[in-house]
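Structure first, then comments.
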Amino acid sequence: MTQYLADAHHTADRTASADWWRSAVIYQVYPRSFADGNGDGMGDLPGIRSRLPYLKDLGVDAVWLSPFYASPQADAGYDVADYRAIDPMFGTLLDADALIRDAHDLGLRIIVDLVPNHSSDAHEWFKRALREGPGSPLRERYHFRPGKGADGELPPNDWESIFGGSAWTRTQNPDGTPGDWYLHLFAPEQPDFNWEHPAVADEFRSILRFWLDMGVDGFRIDVAHGLVKAAGLPDIGSGDQLKLLGNDVMPFFDQDGVHEIYRAWRTILDEYPGDRIAVAEAWTPTVERTANYVRPDELHQAFNFQYLGTHWDAAELRAVIDLSLNAMRPVGAPATWVLSNHDVTRHATRFAGPPGGTQIREAGDRELGLRRARAATLLMLALPGSAYLYQGEELGLPDVTDLPDDVRQDPAFGRTEGQDGFRDGCRVPIPWTADGFSYGFGTGGSWLPQPESWAALSVEAQTGVAGSTLELYRSALATRREHPALGAGDAVEWLEAPEGVLALRRPGGFVCTVNTTGAAVRIPAPGRVLLASTAVEPAGGEAELPADSTVWWTR
């Protein structure tokens, strides 16, 4: 299954930009929804490669690719069958090599997803474990356990899957009799690795080196908090466990043993030139526990999910900004800021109605949502640290909340009888042109239907249009590059401001003001306008901040 590349040992000389990741703007590409190079309706690596100049012109520093590995696609590629192969739907290793080379030629860095918590049930280890039956050494590399009850008919413990239902599935022995159970914190097609087994650690060290030798600049570590399970796999003792996530340390998440793994990985990353990095997707109860993942001898960054879940409210935003910066400062790591990704409702929709969670099923007030989203982005890009953008947010795309049930592919949707699993709404392929088949995504349609309204939101329709969301992003990223102090440092200076308004100062005379209220607010003008999410005209030393707006000022 594994593909091999003859000339894989290429590494661009990127040593000149040490610590580039501390203030980088990183753009997430969801490969199946970015660009389709062969017209089969599914995005792929050649499609991404063809659009790299667009990302260069947008002004980002690095591109993070969601999984493209060989996979049965039970969970959109997060069920990996071979970590050293490209799934044919996305291309080949030669395509990956060409993409990495082109990105480096453009000055872009490439970060790839790594999925170490679980494999696919089509992974050769797991297939052999089932085929060989009880006693197979391969079973020790996963969590196989006998069931409870008189005949082992009950799961080994009460853990629930993130996708709904039990986190255990019973196997069938080679002779057809009921067998042991195996653990899967996500879909049954995603059995969890047993990281206590040395072969698992050895394999992933090898996988890291394979992709580092290919030239990738870093890894985004999926479910980084999940690799180690509490000894004995104890019961939790309550149902509806999803509601506990993010509030308590669970026996299957955020166990202290994960940090030994990442210390070992850091030594590998440090062997390679060019400042290679690793980024943790770590859902933890507090930002202080998130900071544990980015201590000086562990990973470089961790996603700031507390910030992503913050409502459009000045007091809440200020509190989580301070909390985030204060938590990262003792470990010397940069804060990260993110508003959207492939697992949550796009922020243009989350902010379109009353405060809610990160999964919103109602479209809300489109105009309000976009206005707030633009303002939220300018605030995020004014903060010290690294910012993450999700493909299409620079176009102001909303979530597609009205997808027909029969086209949805989120595995949690079927497992929960339509009560959960609405991530498809943020994964609809993005529009490139104002007309044509699938709005320029490809010549063969798109794997999820695109709304007709997206023609007006396409790259073509917004390019060169003053005030468009795309041009706002381009201007913001260009300004951030011109003012390197924006992403640098680990603190902000808060200025006095009316209720519902944030005012913060950064080095070099830069000030950012944010009006989170639904009405205009008059303030003394901190300087001249550098950039604004909504037009503002200072006069007489004062300025009226429009409702739900952010303004960048300079002396």
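Below, each value reflects all heavy atoms present in this structure, side chains not excepted, and no hydrogens, waters or symmetry copies. Position 1 is the first residue of the sequence; numbering continues from there.
- For Ala264, the side chain to side chain contact (heavy atoms under 4.5 Å, CB included) criterion is met by no residue, not counting sequence neighbours.
- In this structure the side chain of Tyr83 reaches within 4.5 angstrom of the side chain of Ser119, judged on heavy atoms.
- Under the ring-ring contact (aromatic ring centres under 6.0 Å, His included) criterion, His143 pairs with no residue, sequence neighbours left out.
- Note on ring orientation: taking the six-membered ring where Trp is involved, the planes of Phe193 and His123 are perpendicular (angle over 60°, cut-offs 30° and 60°).
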Might you work through the ring pair (Phe, Tyr, Trp, His ring centres under 6.0 Å) test for Phe68 and Trp211, ending with a clear yes or no?
CA-CA 13 Å; Phe68 47 62; Trp211 289 103; 5.6 Å; yes
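- Judged as a side chain to side chain contact (heavy atoms under 4.5 Å, CB included), and not counting sequence neighbours, the contacts of Asp95 are Leu45, Pro46, Thr92.
- Using the six-membered ring where Trp is involved, His225 and Phe253 have ring planes that are tilted, between 30° and 60° apart.
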Please lay out, stage by stage, how Asp256 and Arg289 fare under the test salt bridge (Lys or Arg N to Asp or Glu O under 4.0 Å).
CA-CA 10 Å; Asp256 290 338; Arg289 287 196 68 86; 3.2 Å; yes
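- For His197, the ring-ring contact (aromatic ring centres under 6.0 Å, His included) test picks out no residue, with sequence neighbours left out.
- By the 30° and 60° cut-offs, the orientation of the rings of Phe252 relative to Trp159 is perpendicular.
- A salt bridge does not link Asp192 with Arg141: none of the charged nitrogens is closer than 4.0 Å to a carboxylate oxygen.
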One pair to check against salt bridge (Lys or Arg N to Asp or Glu O under 4.0 Å): Asp235 and Lys148. What are the steps and the verdict?
CA-CA 12 Å; Asp235 283 339; Lys148 294 180 178 179; 3.5 Å; yes
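- Ion pairing of Glu298 with Arg295 is present here, as a side-chain N (NZ or NE/NH1/NH2) and a carboxylate O approach within less than 4.0 Å.
- Not counting sequence neighbours, Asp297 has no partner by the side chain to side chain donor-acceptor pair (under 3.5 Å) test.
- A salt bridge does not link Asp105 with Arg101: every distance from a Lys NZ or Arg NE/NH1/NH2 to an Asp or Glu carboxylate oxygen is 4.0 Å or more.
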His300 and Arg266: CA distance, side-chain angles, deciding distance, side chain to side chain contact (heavy atoms under 4.5 Å, CB included) verdict
CA-CA 9 Å; His300 297 76; Arg266 180 60 179 262; 3.4 Å; yes
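- None of Thr290, Asp254, Asn292 except one satisfies the side chain to side chain donor-acceptor pair (under 3.5 Å) rule with Thr284; the exception is Thr290.
- Residues passing the side chain to side chain donor-acceptor pair (under 3.5 Å) test with Trp447, sequence neighbours excluded: Ser33.
- Note on residues 323-344: pairs passing ring pair (Phe, Tyr, Trp, His ring centres under 6.0 Å), not counting sequence neighbours, are Tyr30-His342, Tyr78-His342, Tyr307-Trp337.
- Between the side chain of Arg276 and the main chain of Val216, a donor-acceptor pair closer than 3.5 Å is present.
- Remark: Tyr473 engages Thr377, Glu393 in a side chain to side chain donor-acceptor pair (under 3.5 Å) (not counting sequence neighbours).
- Between the side chains of Asp61 and Trp20, not a single donor N or O lies within less than 3.5 Å of an accepting N or O.
- The ring-ring contact (aromatic ring centres under 6.0 Å, His included) search around Phe219 returns none, not counting sequence neighbours.
- Annotation for Glu132: atom CD counts as buried by contact number, over 12 foreign heavy atoms lying within 6.0 Å.
- Annotation: Tyr182 is in aromatic contact with Phe126 [ring centroid separation under 6.0 Å].
- Under the side chain to side chain contact (heavy atoms under 4.5 Å, CB included) criterion, Glu189 pairs with Ala74, Asp121, Ala187, sequence neighbours left out.
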Is there a salt bridge (Lys or Arg N to Asp or Glu O under 4.0 Å) between Asp399 and Arg427? Walk through the geometry before answering.
CA-CA 8 Å; Asp399 239 58; Arg427 299 176 177 181; over 6 Å; no
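- For Tyr390, the ring-ring contact (aromatic ring centres under 6.0 Å, His included) criterion is met by no residue, not counting sequence neighbours.
- By the 30° and 60° cut-offs, the orientation of the rings of His483 relative to Phe510 is tilted.
- In the model, Arg84 has a side-chain atom that pairs as donor or acceptor with a side-chain atom of Ser206 under 3.5 Å.
- Residues Leu323 and Met328 form no side-chain contact, since every pair of their non-hydrogen atoms from C-beta on lies 4.5 Å or further apart.
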Is there a side chain to side chain contact (heavy atoms under 4.5 Å, CB included) between Leu389 and Gln28? Walk through the geometry before answering.
CA-CA 6 Å; Leu389 310 179; Gln28 181 189 0; over 6 Å; no
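- Ring centroid separation for the pair Trp283 and Phe303 does not come in under the 6.0 Å cut-off.
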Working note: Glu271 + Arg209, criterion salt bridge (Lys or Arg N to Asp or Glu O under 4.0 Å); need CA distance, chi angles, decisive distance, verdict.
CA-CA 10 Å; Glu271 291 175 12; Arg209 292 185 185 281; 2.8 Å; yes
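- Under the rule for a side chain to side chain donor-acceptor pair (under 3.5 Å), the partners of Trp64 that lie at least two apart in sequence or sit in another chain are Asp113.
- Using the six-membered ring where Trp is involved, Phe163 and Phe186 have ring planes that are perpendicular, over 60° apart on the 30 and 60° scheme.
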